[in-house]
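Structure first, then comments.
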Amino acid sequence: MLLLSTSPNNSDNGKKNIKIKILYFAQLRESVGGKNYERLILKDKTSVNELLSMIAKKYSASNFLKSINISVNCELVNKDTFLRDCDEVALLPPVTGG
Amino acid sequence: MIGLNRHGSRRIRKNDNRNNNNIRDLTVTHRKISIDKIIECVKDDSYGAIVLFLGTVRNESQAGAVTGMYYESYIKMAKEQIMMIEKRIKEKWPANIAIVHRIGNLQVGDISVAVCASSAHRREAFEACRYAIDEVKNIVPIWKKEKLADYRSIWVRGQKAGK
């Protein structure tokens with residue numbers, strides 16, 4: 001399971017934890033209370049999908065999360081991608097540049 | 001301001017290099033976009049056509065009268081995406097290309113995005129410029145929020161980032 005925390009803790013089953021940074025933009029940033037980013041500590045082998053489920057639950061933002069793309073370290077990824085230590089995850093709403 | 005010359009290497013105006021050691025910092029900027037500089041980036045004595053596209057802030061939208069626009073970006077990724085677009089263009093056309101997107105608070109009439117393409121003849125320059133602005137609008141992680149005359153602010157709805 002996922003450990004969603006902002007303070008470093010050791011995993012209870014001996015697996016190492018990973019630290020990630022998650023970035024929020026535009027309407028999604030506003031729906032999570034206006035924060036640009038937060039740092040999270042997760043269990044190793046946490047998938048993007050699991051992370052999204054936790055974010056949706058934490059912020060009641062499931063509507064916004066349906067239409068977003070995800071990048072890890074500036075590369076677009078699938079939701080079954082496993083996260084690694086020090087990853088920078090960005091939740092990208094549909095773009096509107098120009 | 002950056003651009004790619006025919007040989008794939010980057011050209012910078014000498015004056016621009018003074019305060020910007022990393023030329024990638026110039027594709028997404030809070031600064032006012034200089035048309036003269038972006039044209040200078042793509043100039044080439046063997047190229048007889050330059051096409052410039054400018055996107056500006058309109059005073060109206062589907063939501064009503066607009067007084068300004070706020071742009072924000074995942075800057076690091078946006079710069080990488082813009083470089084990727086430039087690279088694709090170099091593979092498709094014998095052309096120079098320069099792309100700059102402004103972010104922050106803009107007024108009606110301000111230039112938000114500039115794309116400049118040069119080539120030996122107009123056809124390739126038009127095609128490269130059209131491709132570039134379409135790609136910028138489709139994949140680069142930039143978002144805009146309309147400031148309306150009735151004091152509401154609304155994020156413009158768009159399509160998914162990346163390809």
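Quick note on labels: first sequence line is chain A, next is B, and so on, each numbered from 1.
In terms of heavy-atom pairs under 4.5 Å with chain B, the best-connected choice from Ser71(A), Gly97(A), Ala26(A) is Ala26(A). Per-residue counts of heavy-atom pairs under 4.5 Å with chain A were compared for Tyr70(B), Tyr71(B), Phe53(B), Trp155(B); the largest is that of Trp155(B).
Within the 4.5 angstrom heavy-atom criterion, only side-chain atoms of Lys145(B), from C-beta onward, approach chain A. If you measure heavy-atom distances from Tyr74(B) to chain A, the contacts under 4.5 Å come from both the backbone and the side chain. With a 4.5 angstrom heavy-atom cutoff, Val156(B) touches chain A via backbone and side-chain atoms both. With a 4.5 Å cut-off on non-hydrogen atoms, Ser73(B) touches chain A through its backbone but not through its side chain.
Closest approach of Thr96(A) to Arg157(B), counting heavy atoms only: CG2-C, 3.5 Å.
Using a 4.0 Å cut-off between charged side-chain N and carboxylate O, Glu91(B) and Arg88(B) make no salt bridge. Using a 4.0 Å cut-off between charged side-chain N and carboxylate O, Glu38(A) and Lys58(A) make a salt bridge. A salt bridge links Lys76(B) to Glu88(A): one of the charged nitrogens lies within less than 4.0 Å of a carboxylate oxygen. Using a 4.0 Å cut-off between charged side-chain N and carboxylate O, Glu127(B) and Arg123(B) make a salt bridge.
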